[in-house]
Amino acid sequence: MLLVLGVSSAVFAQDKPVMAVPLFSNKTAGHVTRVAPGVYQEERLSDGSKDTLRKIEYAPGEWTLPEVANEVATDACTNALTDTHKFRILTRSTPALKMIDSERLFQGTGGSTEATKAFQTLIELNAKYLLLGRINRFRVDETRGVAYGVRRWQVVTSISMDLQLINVNSQEIIAGREM
């Protein structure tokens, strides 16, 4: 219908705010935890109706997080944002974004020259928002057993990430979330 009226959808794409998504940082430093039998600590879980106790040991595991994990996490968030069709996305492959150190900006920049330069670059690229991310934890829950004569080995992994959405012009965090 837009083409019938003589207006292309590219015109409407210009109305969408630009969001910059530089490469997320990986703060796990190869540290992986696993659930294992042994010395326990209690963790209280709430499912809304009642509280239950479960005993968990966090121990170093032999699993490692792949070096490309931060790239995978960045691309997953970028794809999720793209699927909303609400933003124009500057991805981590944009040359100017390759220079941005997400972790330094994530920890607060306080007007440092590096931060000022990064935000000035984003303003020049017409970015309204900056999405910063960092992988905090990687955990592996491994269970082994035999049931009905069949050996069973199950591995469940989980990753925790922190995300911050920053208004480029004011340099204020306007949203944050741990996932």
Side-chain angles (χ1 to χ4, degrees), residues 1-33 46 48 61 63-141 155-179:
M1 180 165 177
L2 293 174
L3 294 176
V4 172
L5 296 174
V7 180
S8 73
S9 60
V11 171
F12 291 106
Q14 298 300 323
D15 294 337
K16 296 177 186 178
V18 176
M19 183 178 300
V21 185
L23 184 64
F24 291 179
S25 60
N26 181 355
K27 294 301 289 180
T28 62
H31 175 70
V32 180
T33 56
S46 178
W63 299 87
T64 58
L65 191 61
E67 289 193 21
V68 297
N70 56 339
E71 294 175 21
V72 172
T74 304
D75 291 343
C77 286
T78 300
N79 291 338
L81 286 168
T82 302
D83 288 346
T84 67
H85 303 288
K86 293 182 180 182
F87 304 98
R88 288 185 297 141
I89 307 294
L90 296 174
T91 64
R92 64 186 175 88
S93 61
T94 305
L97 290 185
K98 288 181 181 181
M99 306 301 283
I100 294 178
D101 182 355
S102 288
E103 184 55 29
R104 285 202 163 172
L105 292 178
F106 206 103
Q107 291 184 9
T109 54
S112 69
T113 56
E114 183 179 323
T116 303
K117 185 177 178 182
F119 281 106
Q120 186 59 40
T121 301
L122 292 171
I123 290 170
E124 290 169 6
L125 292 170
N126 295 322
K128 185 170 182 178
Y129 302 108
L130 171 65
L131 180 67
L132 297 177
R134 121 173 107 192
I135 301 172
N136 284 332
R137 264 189 325 244
F138 175 52
R139 185 172 129 179
V140 175
D141 298 338
V155 178
V156 178
T157 61
S158 62
I159 292 178
S160 294
M161 288 190 331
D162 286 334
L163 298 173
Q164 288 182 349
L165 185 63
I166 299 173
N167 180 318
V168 171
N169 291 318
S170 67
Q171 299 181 18
E172 292 180 79
I173 300 170
I174 57 175
R177 177 169 228 166
E178 181 179 331
M179 315 175 57

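Residue numbers run from 1 in the order of the sequence given.
- In terms of heavy atoms, A96 sits closest to T121 at CB-CG2, 3.5 Å.
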Could you tabulate the donor-acceptor pairs under 3.5 Å formed by side-chain atoms of residues 172-179, not counting sequence neighbours?
residue : atom : partner : partner atom : Å
E172    : OE2  : S170    : OG           : 3.4

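- With sequence neighbours excluded, the residues that form a side-chain contact (heavy atoms from CB on, under 4.5 Å) with V168 are F119, L122, I123, A127, L130.
- Here the side chains of V18 and L125 are not in contact, with every heavy-atom distance at 4.5 Å or above.
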Using side-chain contact (heavy atoms from CB on, under 4.5 Å), reason through H85 and K16 one step at a time and then give a plain yes or no.
CA-CA 9 Å; H85 303 288; K16 296 177 186 178; 4.2 Å; yes
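- Residues M161 and L163 form a side-chain contact, since some pair of their non-hydrogen atoms from C-beta on lies under 4.5 Å apart.
- The stretch residues 72-83 participates, sequence neighbours left out, in these side chain to side chain donor-acceptor pair (under 3.5 Å) pairs: D75-R92.
- Once rounded to the nearest 0.5 Å, the distance linking CE of M19 with CG of L90 reads 10.5 Å.
- Looking at residues two or more places apart in sequence or on another chain, you find no side-chain contact (heavy atoms from CB on, under 4.5 Å) involving A76.
- Of all non-hydrogen atoms in A73 and F24, the two that sit nearest each other are O-CE1, 3.8 Å.
- S25 has its side chain out of reach of N70: every pair of non-hydrogen atoms, C-beta onward, lies at least 4.5 Å apart.
- Taking the side-chain contact (heavy atoms from CB on, under 4.5 Å) definition, one finds that N126 meets it with nothing, sequence neighbours left out.
- Taking the side-chain contact (heavy atoms from CB on, under 4.5 Å) definition, one finds that V68 meets it with P66, E71, V72, sequence neighbours left out.
- Interatomic distance, I166 CD1 to Y129 OH, rounded to the nearest 0.5 Å: 13.0 Å.
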